[in-house]
Amino acid sequence: MKKALLPFCLILSVYQLTFAQLSPEITSWVVNTSGATGYAGILTNVQTVQYSINNVYVSCTCIPGYSIGPWAGNPNTPSNQNFVFKITLSPQKNTGTLTAVGLGHIGVWSNGVSIFNADDGQTYNNAGVWHRNALFWEGISFDSCLGHPAPNGEYHHHVNPKCLYNDMDSTHHSPIIGYAFDGFPVYGAYAYADTTGSGPIKRMNSSYKTRHITTRDTLPDGTAAASAGPAVSSQYPIGAFIQDYVFVPGSGDLDVHNGRFCVTPEYPNRTYAYLVALDSTRY
């Protein structure tokens with residue numbers, strides 16, 4: 001495999017030519033070139049980025065370069081995960097049966113921290129129907145960067161990684177802030193209004209909306225739930241469960257996966273991209 005950063009002793013013109021040919025999958029990472037350490041003295045961010053013809057290999061500790069913690073009510077402690085994540089250089093749309101990503105990491109932020117989905121891994125009465133929204137149930141344990149450690153010590157984010165990029169910058173297209181394991185990029189909250197790359201910069205809005213229900217006996221598609229959830233109340237408000245949301249096509253900027261095919265600064269010929277969708281509280 002090749003390394004993204006070539007040895008300094010190589011002739012500059014060769015280095016510039018090689019670097020110019022590298023794709024965003026190779027160049028978008030926050031690489032620790034100084035041996036900097038963070039939480040518990042662990043090396044931070046990404047240690048190396050290597051690549052072959054088909055894939056990129058990102059070695060990381062899962063510890064970011066900024067301060068993390070504390071995590072109220074969370075007994076877990078971040079530890080060095082010593083991950084090597086593989087990202088394909090040729091992502092392809094799945095035109096067959098879609099596959100649920102499951103729990104645990106589904107991608108990696110550009111600083112080597114894990115991306116988790118919105119599910120906290122538990123369901124109401126352990127029935128496997130009403131999946132708990134991690135933001136509601138675990139949000140109190142998120143640190144100021146909106147991350148926390150899993151039982152195995154894997155520091156991760158279920159929501160917007162606010163310390164990784166400037167999520168207040170509404171005047172520029174947000175940077176690539178990670179990659180999903182299907183190989184498509186993850187961007188911050190702001191993008192071109194038009195998928196062709198024209199128009200003003202705007203905050204991307206999800207097409208998921210909270211449901212107008214008082215009882216939890218049907219699923220978002222209208223079918224009867226195999227097991228009822230708790231009635232909507234102050235203890236279990238709308239948004240406490242993943243199934244409290246319904247996808248409304250065309251109501252926002254993004255598709256059912258919170259992504260879209262579009263032009264971005266790094267992909268002028270279009271790519272499929274996932275984008276962070278913030279609510280009014282910037283989650």
Side-chain angles (χ1 to χ4, degrees), residues 3-8 19 22-51 56-72 74 76-87 104-117 134-135 138-139 141-169 172-181 185-190 264-266 273-276 278 282-283:
K3 287 191 175 182
L5 296 179
L6 302 180
F8 180 76
F19 188 83
L22 300 185
S23 69
E25 293 92 339
I26 298 172
T27 61
S28 298
W29 306 97
V30 181
V31 181
N32 182 347
T33 59
S34 64
T37 58
Y39 185 85
I42 300 169
L43 288 172
T44 63
N45 299 323
V46 171
Q47 276 65 65
T48 61
V49 179
Q50 298 175 289
Y51 61 98
V56 179
Y57 301 87
V58 180
S59 300
C60 52
T61 62
C62 222
I63 300 296
Y66 40 76
S67 296
I68 57 176
W71 304 280
N74 185 332
N76 306 315
T77 302
S79 60
N80 183 353
Q81 298 299 298
N82 196 29
F83 286 140
V84 179
F85 290 125
K86 182 173 76 171
I87 308 293
H105 43 242
I106 61 173
V108 56
W109 301 115
S110 59
N111 61 351
V113 170
S114 293
I115 301 173
F116 278 30
N117 66 25
L135 176 60
E138 300 181 341
S141 74
F142 294 172
D143 59 26
S144 60
C145 292
L146 305 183
H148 67 175
N152 67 343
E154 186 175 355
Y155 183 77
H156 62 278
H157 295 270
H158 295 273
V159 295
N160 177 43
K162 65 180 297 183
C163 295
L164 179 56
Y165 75 111
N166 182 4
D167 66 0
M168 300 290 289
D169 184 359
H172 299 92
H173 194 292
S174 291
I176 294 174
I177 57 174
Y179 277 86
F181 288 148
V186 182
Y187 281 85
Y190 294 91
T264 73
E266 292 81 8
Y274 301 100
L275 295 106
V276 170
L278 302 180
R282 308 203 71 74
Y283 284 105

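The structure presented is a predicted model; accordingly, all values stated were derived computationally and were not measured.
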query: How long is the span from the CD1 atom in I176 to the OG atom in S110, to the nearest 0.5 Å?
result: 9.0 Å
message: Looking at every non-hydrogen atom in both residues, tell me the closest pair between C145 and S67 and how far apart they are.
response: SG-O, 3.8 Å
field: Shortest non-hydrogen contact from C62 toward Y155
entry: SG-O, 3.1 Å
statement: Between the CG atom in N111 and the CG atom in N32, the distance rounded to the nearest 0.5 Å is 11.0 Å
- line: Taking every heavy atom of V49 against every heavy atom of V56, the minimum-distance pair comes out as CG1-CG1, 3.6 Å
- request: Verify whether one side chain among S59 and T48 offers a donor that lies under 3.5 Å from an acceptor in the other.
  value: yes
- prompt: Is there a side-chain contact between I177 and V186, using heavy atoms and a 4.5 Å cut-off?
  reply: yes
query: Is there a donor-acceptor pair closer than 3.5 Å between any side-chain N or O of D143 and the backbone N or O of I68?
result: no
- prompt: For S28 and P24, which heavy atoms make the closest approach, and how far apart are they?
  reply: OG-O, 2.6 Å
Taking only distance into account, with no hydrogens and no angle test, what donor-acceptor pairs under 3.5 Å do side-chain atoms of residues 35-43 form with protein atoms, sequence neighbours excluded?
none

- prompt: By side-chain hydrogen bond (donor to acceptor under 3.5 Å, both in side chains), which residues pair with E154, not counting sequence neighbours?
  reply: H105, S114, N152
message: Tell me whether D167 contacts the main-chain N or O of K162 through its side chain, where contact means a donor paired with an acceptor under 3.5 Å.
response: no
message: Tell me which pairs pass side-chain hydrogen bond (donor to acceptor under 3.5 Å, both in side chains) where either residue lies in residues 172-181, with sequence neighbours left out.
response: D169-H172, Y179-Y267
query: In terms of the angle between their ring planes, are F83 and F85 parallel, tilted or perpendicular, with boundaries placed at 30° and 60°?
result: tilted
- prompt: For N76, which residues count as a side-chain hydrogen bond (donor to acceptor under 3.5 Å, both in side chains) partner, sequence neighbours excluded?
  reply: N74
field: I63 and T44: CA distance, side-chain angles, deciding distance, side-chain contact (heavy atoms from CB on, under 4.5 Å) verdict
entry: CA-CA 5 Å; I63 300 296; T44 63; 4.3 Å; yes
task: Kindly write out the residues that satisfy side-chain hydrogen bond (donor to acceptor under 3.5 Å, both in side chains) with Y165, not counting sequence neighbours, or none if the list is empty.
output: N160
- prompt: Looking at CD1 of I115 and CD1 of I106, how far apart are the two atoms once the value is rounded to the nearest 0.5 Å?
  reply: 6.5 Å
- line: For A180 and I87 the tightest heavy-atom approach is O-CD1, 4.0 Å
- prompt: Is the side chain of W29 donor-acceptor paired with the backbone N or O of Q47 at a distance under 3.5 Å, no angle test?
  reply: no
message: Can you list everything that forms a side-chain hydrogen bond (donor to acceptor under 3.5 Å, both in side chains) with Y187? Sequence neighbours excluded, please.
response: T264, E266
task: To the nearest 0.5 angstrom, please state how far the CG atom of N45 sits from the OH atom of Y66.
output: 8.0 Å
field: Partner residues of F116 under the ring pair (Phe, Tyr, Trp, His ring centres under 6.0 Å) criterion, sequence neighbours left out
entry: H156, H158
task: Mind listing the closest non-hydrogen atom pair of S144 and C163 along with its distance?
output: O-SG, 4.2 Å
